[in-house]
Amino acid sequence: MTEKFRPNLHFSPRAGWMNDPNGMIRVDGVWHLFFQHDPDSTVHGPMHWGHATSTDLVHWQEQPIALYPNDLGTCFSGSAVETEEGAVKLFYTAHSRTSTGEDYQVQCLIHADRALSKYENHAANPVVPNPGLTAFRDPKVIWHEASGKWIMLVTEGQSIGFYGSDDLERWTHLSSFGETHGRHSPGPWECPDMVPLTAPNGEAVWVLIVGLNPGGYAPGSGTQYFVGQFDGTTFTNANPPETELWLDYGRDYYAAQTFFEHGGTATPVAIAWASNWLYAKQTKTAAFRGVMSLPRELRLQDTPDGLRLAARLPLSAEAGFANDALPGTSRTDLMADLAVGEEMAIVLFGEEQPHFIVGRSSKERGSIRTIRQPIAGMDHFGHDYAVDLPWPTNDVLDLTLFIDRGLVELSAAQGLVWITNLFYPASPDSPVSVTTRSADQFEELLNG
Ligand code: FRU
């Protein structure tokens with residue numbers, strides 16, 4: 001059993017396959033994280049919902065499997081809510097195939113107890129039948145305070161459908177958003193979420209989160225977002241339709257979801273699957289496959305480019321990284337005090353080639369180039385691309401690297417830009433080495 005790349009401060013399943021985070025909810029002070037799971041293999045198979053709990057978002061206790069495939073199909077991604085009366089409900093997509101082998105997906109309701117240890121199928125499942133779409137999945141249910149109703153967001157091929165309900169059982173289609181907005185690819189928009197946030201000027205804003213696979217900012221899976229308004233029926237994009245915004249610019253941050261909390265929360269906490277469908281089934285672990293990202297608190301920030309999401313770790317996660325005693329785990333803070341035209345290379349794990357090159361192209365702009373060497377047996381794993389960002393007005397770009405047994409989450413400009421990338425260093429357990437050098441010396445190595 002190879003546990004070499006099992007992270008210390010990120011959730012990974014004991015055994016078997018894991019992809020998207022599902023049913024994220026905080027009930028009675030306990031954070032519940034469900035996940036797409038095949039307990040019997042380390043590649044994507046018949047999906048179950050695995051389950052883990054935490055009281056600090058950092059240390060997770062795996063619980064018995066929550067949802068098993070049944071007559072309606074296997075259990076694809078979904079969400080969880082708590083009602084005014086304190087009842088807890090889960091929503092998931094039952095996935096099956098038609099006689100001609102096409103995907104067939106419907107939305108189902110589960111009644112759970114408050115401990116989330118007992119699950120009862122709703123007798124009249126599915127609660128949302130298939131309207132004739134091949135990709136119709138990933139129900140995310142939220143409470144819309146202003147209109148006093150439940151809203152379900154669901155994948156409708158190249159757009160996100162919005163349904164409304166008073167009782168969580170009878171759903172009416174309200175609208176669809178997306179066809180001509182943001183980035184599209186042959187793959188559907190998946191795993192939607194939507195959170196209310198307050199802009200620095202006090203304006204109430206809705207942020208819609210959407211997974212796209214393939215077609216992310218970098219090759220493979222990526223998570224984009226839209227800033228706008230939701231009036232209880234329709235989502236309106238505040239930016240021109242061609243605007244593309246990304247929750248994370250790395251290769252390994254997909255299907256992000258936020259925790260439901262009864263009564264709402266000023267700071268939604270998101271967790272994503274730290275992998276990419278291009279090579280997810282080939283990652284270098286044996287007993288298990290798949291890890292989650294760190295939890296991130298989302299907020300809105302004014303930038304020279306407009307209103308943007310920024311993220312930071314909850315204090316409990318920061319505290320986890322304060323303890324350098326955990327093997328292969330570290331936090332490193334760097335200040336890139338660069339003149340225009342200067343570059344700085346960041347080299348990790350005592351390797352030869354740089355992993356990031358930070359550059360300043362003008363007084364106002366800079367970039368982070370992310371470089372990953374190919375690995376045999378992992379398709380499209382290598383990469384070399386850049387992320388553009390506004391350079392802070394105080395002239396110094398702050399960078400923080402959270403590293404956990406090869407998984408690197410880089411935050412820049414106070415969390416305005418995140419880059420999450422998996423690495424498989426020779427000794428993921430050795431003390432993490434992070435060094436910075438002038439970028440010139442790497443020119444030949446990288447171009448040669
Ligand atoms: C996204 C996804 C979801 C689907 C699930 C199946 O990664 O394709 O759309 O519900 O994975 O495991």
Side-chain angles (χ1 to χ4, degrees), residues 13 16-24 33-51 65-69 72-80 90-97 102-108 110 126 128 130 133-141 152-161 178 183-193 208-216 219-224 247-248 250-257 270-283 288-293 420 422:
W17 165 270
M18 176 174 82
N19 58 293
D20 315 350
N22 296 155
M24 289 162 55
L33 170 68
F34 297 86
F35 51 94
Q36 287 290 279
H37 187 39
D38 182 355
D40 301 319
S41 85
T42 49
V43 292
H44 191 266
M47 283 297 106
H48 300 52
W49 273 30
H51 182 202
I65 288 173
L67 304 185
Y68 289 83
L72 287 175
T74 61
C75 308
F76 272 18
S77 288
S79 56
L90 307 183
F91 291 86
Y92 76 96
T93 299
H95 168 87
S96 59
R97 292 199 191 277
E102 303 232 307
D103 285 344
Y104 187 75
Q105 301 168 340
V106 294
Q107 317 318 327
C108 296
I110 300 284
V128 188
N130 190 297
L133 293 164
T134 311
F136 182 59
R137 58 178 181 262
D138 308 340
K140 169 72 185 191
V141 178
M152 179 192 287
L153 287 78
V154 63
T155 290
E156 283 180 347
Q158 294 295 324
S159 53
I160 299 302
R183 178 93 60 106
H184 288 269
S185 77
W189 277 17
E190 310 181 310
C191 303
D193 196 352
L208 172 66
I209 298 170
V210 177
L212 177 60
N213 173 64
S221 319
T223 306
Q224 56 183 334
L247 221 54
D248 190 291
R251 300 289 303 285
D252 300 293
Y253 193 86
Y254 194 54
Q257 292 280 297
I271 290 182
W273 175 44
S275 195
N276 187 317
W277 280 114
L278 278 179
Y279 45 74
K281 298 172 191 165
Q282 302 166 325
T283 57
F288 75 99
R289 200 176 256 135
V291 299
M292 291 301 177
S293 75
T420 300
L422 287 167

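We count ligands from 1, going down the list as the structure has it; atoms in each ligand are counted the same way. Values below: all heavy atoms of this structure, side chains included; hydrogens, waters and symmetry mates excluded.
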Open item on the list: Whether the Q257 and N22 side chains hold a donor-acceptor pair (N or O, under 3.5 Å, no angle test) is what I'd like checked.
Closed with: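 The criterion, which ignores hydrogens and geometry beyond distance, is not satisfied for N22 and Q257.
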Task: Neighbouring residues of ligand 1, heavy-atom cut-off under 4.0 Å - done: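 The answer is N19, D20, Q36, H44, M47, F76, S77, R137, D138, E190, C191, Y254, W277, counting any residue whose heavy atom sits under 4.0 Å from ligand 1.
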Task: Point-to-point distance, once rounded to the nearest 0.5 Å, from CH2 of W49 to CG of L67 - done: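 Answer for the CH2-CG pair, W49 versus L67, is 6.0 Å.
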Open item on the list: Taking S185's backbone N and O only, do any of them form a donor-acceptor pair with Q158's side chain (distance below 3.5 Å, no angle check)?
Closed with: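 Judged by distance alone, yes, a pair lies under 3.5 Å.
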Residues in salt bridge (Lys or Arg N to Asp or Glu O under 4.0 Å) with [X], at least two apart?
{"X": "D252", "result": "R372"}
{"X": "D248", "result": "R296"}
{"X": "R251", "result": "none"}

